[in-house]
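See below for the structure under consideration.
Labels below follow one simple rule: chain letters A, B, ... track the order of the sequence lines, proteins then strands, and each chain is numbered from 1.
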Number of protein chains: 2
Amino acid sequence: MEKRVKNIFNKLEKKPEVIIIKNSAEPFIDDNFFYVTGLEKGLFEGSVAFLFPYGNIDIIVSELEAEAAKKSDVNVKVYKNEEDLISIMKDSISSSRTIGLNFHGISHREYCKLKNRFPGSDFFDVSDSFAKTRLVKDESEIELIKKACGITDKVMEKIPQILHEDMYEFELAAEIDYLMQKNGADKSAFDTISSFGKNTSQPHYSHGATPLKYGDFVLCDFGACFKKYNSDITRTFVFGKASNEQKDMYETVQEAQRIGFDMVKPGLKAYEVHNAVNSFIEGTQFKGRFIHSTGHSLGLSVHDRGARFSNICEVELKENMVFTIEPGVYIPGFGGVRIEDDVLIKKDGVELLTKTPREIIEI
Amino acid sequence: MEKRVKNIFNKLEKKPEVIIIKNSAEPFIDDNFFYVTGLEKGLFEGSVAFLFPYGNIDIIVSELEAEAAKKSDVNVKVYKNEEDLISIMKDSISSSRTIGLNFHGISHREYCKLKNRFPGSDFFDVSDSFAKTRLVKDESEIELIKKACGITDKVMEKIPQILHEDMYEFELAAEIDYLMQKNGADKSAFDTISSFGKNTSQPHYSHGATPLKYGDFVLCDFGACFKKYNSDITRTFVFGKASNEQKDMYETVQEAQRIGFDMVKPGLKAYEVHNAVNSFIEGTQFKGRFIHSTGHSLGLSVHDRGARFSNICEVELKENMVFTIEPGVYIPGFGGVRIEDDVLIKKDGVELLTKTPREIIEI
């Protein structure tokens with residue numbers, strides 16, 4: 001993990017004497033805490049990490065996390081109460097006058113508390129360096145993402161057999177989440193989306209009590225979280241025989257995704273991928289129906305900051321970045337199709353990390 | 001929801017012209033967004049809510065959330081991109097010079113962006129007012145919490161039949177999460193804790209690949225999330241016949257919890273509850289083994305801010321507050337016992353919302 005911390009410092013023009021990560025209560029936990037410690041389990045509410053330019057790391061955790069923290073090879077200090085925490089913090093960074101923070105990962109309240117405790121210090125934002133460093137995955141990260149992808153593949157292939165008429169959306173979500181855990185996921189990477197029929201036209205739909213009917217689209221978007229790393233996959237099935245319009249939608253999205261797969265490689269700018277995929281859809285009868293970006297960086301966070309395949313992202317693609325490629329078309333009142341896979345950028349193109357077939361499946 | 005917003009303003013000494021809730025990307029979502037809109041589903045990343053002193057609410061959401069937002073009876077505006085969002089925000093609060101924010105629920109980055117966009121405005125923290133208002137639940141909130149508690153009861157009663165020798169902790173967690181969703185939970189309220197044997201001595205343990213053995217403690221701590229509201233329950237079983245030490249631990253915790261149930265009522269200070277429960281344990285052979293607070297407010301967030309049964313919380317208990325009561329004793333290397341239930345404070349005492357029996361169960 002020393003190397004990760006050094007990378008974070010190396011990417012900074014203005015280098016602080018120390019970088020502080022300060023978790024608040026759930027859900028305000030900065031996942032960079034896990035990035036720099038390598039801890040795979042535990043909640044770490046209220047925990048603090050200090051990162052120093054030579055790559056060394058101190059963490060301060062409450063008694064509740066003391067056992068879990070020992071799994072890391074960083075220096076661990078345990079606090080009993082707030083007063084204790086402040087005193088340990090003051091000891092650790094007493095002489096530091098420049099302090100880096102991840103402004104995206106700290107609540108404004110925690111920021112104010114730090115400002116008050118270290119009134120003479122200069123605090124500044126180092127979030128971009130975290131994001132940039134995390135964009136390019138190291139070997140152990142890729143291994144964990146591959147494990148997470150393997151779990152989702154196993155689950156996705158079982159879905160066609162699970163579906164039956166009048167099944168509710170929430171029942172399918174329950175089965176998906178269960179299968180993920182049975183196959184080794186620590187938990188679902190995010191709230192599983194399972195939508196039927198016209199509900200599939202809402203990209204962020206939450207499952208409800210809609211029953212499955214013949215002819216419905218079935219859209220499943222889920223991921224596995226394995227030792228804090230995530231996968232993210234979507235397939236759209238047809239429950240019954242696909243109508244011509246359903247087939248057209250599906251084939252358009254499939255072709256759009258293929259365009260993405262084919263072009264992604266080191267050296268390209270992220271927006272070029274989105275623009276190519278989007279232009280293709282804009283040239284079809286589904287013009288205007290692709291209403292989100294083409295993909296996002298994936299890792300410790302499902303939507304890893306730092307880059308996405310959107311029309312404004314100028315990030316240059318590099319080897320060992322991991323992205324989703326997930327075009328979709330959505331027709332309110334009718335339904336939507338999205339196909340999403342996870343890819344690892346290699347020297348000459350992409351390696352598909354999710355391997356579930358992408359052909360239309362009529363059930 | 002108008003009433004909720006009015007309550008938030010009423011509790012403020014310094015009243016702003018508008019209160020802004022600004023969600024960032026997951027997990028930095030302020031659950032007050034759901035409190036004031038009543039929305040039961042959806043993610044609402046990047047969404048904004050404006051609360052005005054007369055109780056009216058405007059929300060601005062991205063196209064991805066437009067459908068979901070319609071479920072609310074507040075004013076909904078939809079933005080297409082960041083520029084659009086800024087212009088809608090400026091229209092909505094152009095003349096406001098005093099702006100309230102929940103400093104606990106906004107990332108420092110979002111705070112800085114708001115400061116830049118509205119440079120002439122005075123921003124100040126209104127988080128305590130949110131926390132205080134949310135402490136006392138209204139009728140519809142109590143109904144949802146009761147539903148969530150009912151689901152956990154149903155699941156907990158099935159656990160003794162599920163357990164079998166050599167079952168792994170993660171398998172039990174998978175079964176628990178599955179049963180919750182099958183029984184109507186939208187999802188688990190938090191990462192389910194299922195620990196066996198000596199792992200039960202870690203209050204924040206995450207499940208792993210430890211197999212269940214005869215004589216083990218089995219600790220299950222989980223909750224159901226139902227339409228954004230949560231329950232939170234813990235039971236500790238003995239897989240086999242309890243040893244004398246296990247029985248002593250169990251009975252101590254059971255008695256400690258009974259003390260909590262008996263004393264909680266309006267008018268008391270929160271710390272009095274913790275001190276009584278803690279003093280009792282300190283007077284037993286398990287002195288020093290109770291290492292967390294006795295409980296926390298429960299609602300839209302599992303650990304609702306604003307009050308907990310800890311030794312420093314001076315909040316006065318009131319009717320319609322909902323708390324967990326969850327004493328525990330933990331002996332590293334041996335195991336731990338925690339018993340946790342959710343209670344609603346009534347005029348003369350508490351109503352138990354979780355109804356699973358608390359007697360020791362030997363399986």
message: Test your reading of the model: is there a side-chain donor-acceptor pair from A/K187 to the backbone of B/F190, 3.5 Å cut-off?
response: no

field: Pairwise distance NE2(A/H204) to CD(B/E63) - rounded to 0.5 angstrom
entry: 12.0 Å

- prompt: Distance from A/S310 atom OG to B/N81 atom CG, nearest 0.5 Å?
  reply: 11.0 Å

query: Out of A/H207, A/H303, A/M180, A/K80, which one racks up the most heavy-atom pairs below 4.5 Å with chain B?
result: A/H207

- line: Among A/A173, A/S24, A/A68, A/S201, the residue with the most heavy-atom pairs under 4.5 Å to chain B is A/A173

task: To the nearest 0.5 Å, tell me how far B/E110 CD sits from A/S107 OG.
output: 13.0 Å

message: Using 0.5 Å steps for rounding, measure from the SG atom of A/C112 to the CZ atom of B/F103.
response: 5.5 Å

query: Side chain, backbone, both or neither: which part of A/L43 has an atom under 4.5 Å from a heavy atom of chain B?
result: side chain

message: Tell me whether B/I312 at atom CD1 has more than 12 heavy atoms from other residues, nucleotides or ligands lying less than 6.0 Å away.
response: no

message: Does any backbone or side-chain atom of A/I29 lie under 4.5 Å from a heavy atom of chain B? Answer side chain, backbone, both or neither.
response: backbone

message: Can you tell me how far apart OG (A/S206) and NZ (B/K71) are? Round to the nearest 0.5 Å.
response: 9.5 Å

query: Most heavy-atom pairs under 4.5 angstrom with chain A, which of B/E65, B/R305, B/E26, B/E40?
result: B/E65

statement: Cut-off 4.5 Å, heavy atoms of chain A, and the answer for B/A209 is neither

query: Should the pair A/E175-B/K182 be classified as a salt bridge under the 4.0 Å nitrogen-to-oxygen rule?
result: yes

query: Contact part of A/H104 toward chain B, heavy-atom cut-off under 4.5 Å: side chain, backbone, both or neither?
result: both

- prompt: For atom NZ of A/K147, is the number of surrounding heavy atoms from other residues, nucleotides or ligands below 6.0 Å larger than 12?
  reply: no

task: Inspect the surroundings of CZ in A/F118 and state if more than 12 heavy atoms from other residues, nucleotides or ligands are less than 6.0 Å away.
output: yes

message: Heavy-atom count check: over 12 atoms from other residues, nucleotides or ligands less than 6.0 Å from B/K198 NZ?
response: no

field: For the student: nearest non-hydrogen atoms of B/L64 and A/H292, plus distance
entry: CD2-CB, 4.0 Å

message: To the nearest 0.5 Å, what is the distance between CG on B/D125 and NE2 on A/H108?
response: 7.5 Å

- request: Under 4.5 Å heavy-atom distance to chain B, tell me which part of A/Y111 shows up: side chain, backbone, both or neither.
  value: side chain

query: Checking heavy atoms, do the side chain of B/Q202, its backbone, both or neither come under 4.5 Å from chain A?
result: side chain

- request: Verify side-chain hydrogen bond (donor to acceptor under 3.5 Å, both in side chains) between A/Y178 and B/Q181, making sure each step is shown before the conclusion.
  value: CA-CA 9 Å; A/Y178 181 63; B/Q181 288 192 59; over 6 Å; no

